[in-house]
Student: 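To start, I am sharing the structure in question, which I have written as structure tokens.
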There are 2 protein chains.
Amino acid sequence: MATGRTHRPATRSRGIPEATVARLPLYLRALTALSERSVPTVSSEELAAAAGVNSAKLRKDFSYLGSYGTRGVGYDVEYLVYQISRELGLTQDWPVVIVGIGNLGAALANYGGFASRGFRVAALIDADPAMEGRQVAGIAVRHSDDLERIIQDNGVSIGVITTPPSVAQQVCDRLVAAGVTSILNFAPTVLTVPDGVDVRKVDLSIELQILAFHEQRKAGEEAANAPAAARGDASEQGPDGDVPAVMPA
Amino acid sequence: MATGRTHRPATRSRGIPEATVARLPLYLRALTALSERSVPTVSSEELAAAAGVNSAKLRKDFSYLGSYGTRGVGYDVEYLVYQISRELGLTQDWPVVIVGIGNLGAALANYGGFASRGFRVAALIDADPAMEGRQVAGIAVRHSDDLERIIQDNGVSIGVITTPPSVAQQVCDRLVAAGVTSILNFAPTVLTVPDGVDVRKVDLSIELQILAFHEQRKAGEEAANAPAAARGDASEQGPDGDVPAVMPA
DNA sequence: ACGTGTGAAAGTTTTCACAGCG
DNA sequence: CGCTGTGAAAACTTTCACACGT
């Protein structure tokens, strides 16, 4: 068996399960909101509700980080914010570049959620000379000829691709060659990258297709309709079912 | 959130596992590309490579749909395209509305991937009177006062929310009250919906945070690192919609 | 031969339920 | 008490490996 090249134990993340990591940002957002309202402590039940998950899951998730709660009381909001931020690596500054400044690239550049949490848009890059020097979200758009220099000068390790799919792979190759090791891909293409580079994909039309699947099912049920029980369905949004892993090449 | 939480009994989707559903759009995309190049058949190995998954997983996934392949040969591309489309409910037309026509809403309106796969943007809706009547992607922007009428007149069951987080919940409530039963939420908020309504969330900053986590880990390993083994890591990309951490600066 | 289709094993994630601590 | 932290069970997903049809 085994063709020599076996896979990584994948989430060798040594410790925190991938599913938990994917939820930490959720908790962090809920906690940040509480922090702004100066709420000092929160129970797993309350926080879980705010984050849209159930409390057992949340407690289990936190147990991977350590014992940060107080029995009979709950969690200290500020302390947890700090611990999760640290775990996620958000206590440091991450310069990112966005390549492809169309509507989507512009939307991302304007997105407050980035800057507010450790991410700094180091540059906007586009291949269109007409875009050069134009300002988007207060940042000058630079030409893709300078991509390598920009990456290196700013120590960028995270790149966001919002180009048309036809050029996504070559942009990706250049980013990787220049030193980027994490890529967030919005282009509807499968990117090929060397080992050691992480790719996450966000695909707008895939999400809609998954909704359509469930929508269709609802319609079918209604039609073929057994009476009685209304099927409970939705709830606990987010990681509904998706999560085609992220890892091994 | 609310009081009577129903947790996902969900996915007794009668058959197809959620994880498989989430990959069907991926296969469909790869197959469509093959179809366009007039490739008549494809093996699980080839298709898996094109979709960025492994072949065992793909075969298992397809086995839930039925036996659509031919042993010793592979899968008929056209036939599979049809079967998957049907399974996903893409053989029918899904009118959608996009609420909140900022950069992101405009990006979505312009996104070709929608129209090409059964989705039709029935209307763009914004609360800003200044946007009213303006054309985005060839579609007139309508005022949110007309939301209910638009939903009903067009039989819309899927809504996309690209508003600021502060109004997302109320937009959601109005959509649901008007008859929408599936919502794709881009606002960084947890939406509360009644049972029977599906919500999927796409959050840009969450994806970045997950990348940051892995990036940090790489850096740590590298530092602590004995040479030798290069850790395989990335690839087999995947969606994974979730939520972010936001701190309104 | 060849590659699909699939039981069975392995791995991961969620849920349960309760011991134990403040 | 009330609520965290966690073993243990249940559910789900991925991977293996090979029988079987073409």
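Letters A, B, ... mirror the listed sequences (proteins, then strands); counts begin at 1.
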Student: Ignoring hydrogens and angles, tell me if any N or O in the side chain of Asn185(A) forms a donor-acceptor pair with the backbone of Thr189(A) under 3.5 Å.
Tutor: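 Between the backbone of Thr189(A) and the side chain of Asn185(A) there is a qualifying donor-acceptor contact (under 3.5 Å).
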
Student: Provide, to the nearest angstrom, the distance between the CD atom belonging to Glu46(B) and the C1' atom belonging to dC2(C).
Tutor: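 Result: 13 Å.
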
Student: For DNA chain C, whose closest nucleotide is more 5', that of Val73(A) or that of Thr20(A)?
Tutor: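 Comparing both residues, the 5'-ward one is Thr20(A).
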
Student: With the side chain of Pro17(B) defined as its heavy atoms from C-beta on, choose the nearest nucleotide among dT13(D), dT6(C), dT6(D).
Tutor: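 The answer is dT13(D), which lies nearest to the side chain.
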
Student: Does either side chain, that of Glu78(A) or that of Tyr82(A), offer a donor lying less than 3.5 Å from an acceptor on the other one?
Tutor: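 Per modelled atom types, Glu78(A) and Tyr82(A) side chains form no pair under 3.5 Å.
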
Student: So, OP1 or OP2 of dT4(D): does either fall under 4.0 Å of a side-chain N or O from Ser44(A)?
Tutor: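 Ser44(A) to dT4(D) OP1/OP2: side-chain N or O found under 4.0 Å.
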
Student: So, is Tyr64(A) close to the dT13(C) phosphate, meaning a side-chain N or O under 4.0 Å from OP1 or OP2?
Tutor: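 No, outside the criterion.
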
Student: What is the distance from CD of Glu18(A) to P of dT14(C), rounded to the nearest Å?
Tutor: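 Rounded to whole Å, this separation is 11 Å.
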
Student: So, does the side chain of Arg71(B) form a donor-acceptor pair with the base of dC20(D) at under 3.5 Å?
Tutor: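 Flag set: donor-acceptor pair detected.
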
Student: By side-chain contact (heavy atoms from CB on, under 4.5 Å), which residues pair with Pro40(B), not counting sequence neighbours?
Tutor: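 Expected list: none.
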
Student: Using whole Å, what does the distance between atom P of nucleotide dT6(D) and atom OH of Tyr68(A) come to?
Tutor: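 My rounded result for the distance is 12 Å.
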
Student: Between dT4(C), dT14(C), dT22(D), which one does the side chain of Thr70(B) approach most closely?
Tutor: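 The answer is dT22(D).
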
Student: Can you list, by residue number, the residues of residues 27-40 of chain B that have a non-hydrogen atom closer than 4.0 angstrom to DNA chain D?
Tutor: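 Listed by number, there are none.
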
Student: In whole Å, I'd like the distance from the CG atom of Asp76(B) to the C1' atom of dT22(D).
Tutor: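 Roughly 15 Å, once rounded to whole Å.
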
Student: Around atom CD of Gln169(A), are there more than 12 heavy atoms of other residues, nucleotides or ligands at under 6.0 Å?
Tutor: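 Atom CD in Gln169(A) is crowded, with more than 12 foreign heavy atoms closer than 6.0 Å.
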
Student: What's the CZ-P distance between Arg23(A) and dT13(C), to the nearest Å?
Tutor: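 Taking CZ of Arg23(A) and P of dT13(C), I get 8 Å after rounding.
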
Student: Looking at Arg59(A), does any N or O in its side chain come under 4.0 Å of the phosphate oxygens OP1/OP2 on dC18(C)?
Tutor: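 So the side chain of Arg59(A) is outside the cut-off, no N or O lying under 4.0 Å from OP1 or OP2 of dC18(C).
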
Student: Would you mind telling me which of dT6(C), dG5(D), dT14(C) lies closest to the side-chain atoms of Ser63(B)?
Tutor: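 Within the option list, the nearest is dT6(C).
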
Student: Given dG5(C), dT6(C), dG3(C), identify the nucleotide with an atom nearest to the side chain of Tyr75(B).
Tutor: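 Within the option list, the nearest is dG5(C).
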
Student: So, does Asn54(A) get its side chain near the phosphate of dT15(C), meaning an N or O under 4.0 Å from OP1 or OP2?
Tutor: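 So the side-chain polar atoms of Asn54(A) do come within 4.0 Å of the phosphate oxygens OP1 or OP2 of dT15(C), strictly under.
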
Student: Grab the NZ-P distance between Lys60(B) and dC16(D) for me, whole Å please.
Tutor: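 Rounded to whole Å, this separation is 13 Å.
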
Student: Hey, does Gly72(A) reach any base, or is it just sugar-phosphate, or nothing, if we go heavy atoms under 4.0 Å?
Tutor: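 Base, at least one base heavy atom under 4.0 Å.
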
Student: Begin with the C-alpha distance, continue with both residues' side-chain angles, and end with the deciding distance and a verdict on side-chain contact (heavy atoms from CB on, under 4.5 Å) for Leu90(A) and Gln216(B).
Tutor: CA-CA 9 Å; Leu90(A) 302 179; Gln216(B) 173 180 237; over 6 Å; no

Student: Given atom CG of Asp61(A) and atom P of dT6(D), what is their separation to the nearest angstrom?
Tutor: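 Atom-to-atom, Asp61(A) to dT6(D), this comes out as 13 Å.
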
Student: Is the Tyr75(B)-Tyr68(B) ring centre distance short of 6.0 angstrom?
Tutor: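 Aromatic pair excluded; centres sit 6.0 Å or further apart.
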
Student: What residues form a side chain to side chain donor-acceptor pair (under 3.5 Å) with Glu215(B), not counting sequence neighbours?
Tutor: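 Side chain to side chain donor-acceptor pair (under 3.5 Å) check on Glu215(B) returns Thr181(A), Ser182(A), Lys218(B).
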
Student: Give Phe62(A) one of three labels, base, sugar-phosphate or nothing, depending on what nucleic acid heavy atoms sit under 4.0 Å from its own.
Tutor: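 Here Phe62(A) touches no strand at all.
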
Student: Atom NZ of Lys57(A) to atom P of dC3(D): distance rounded to whole Å?
Tutor: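 Result: 21 Å.
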
Student: Using modelled atom types only, decide if a donor and an acceptor are shared between the side chain of Trp94(B) and the backbone of Gly89(B) within a distance under 3.5 Å.
Tutor: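 At least one qualifying donor-acceptor pair exists.
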
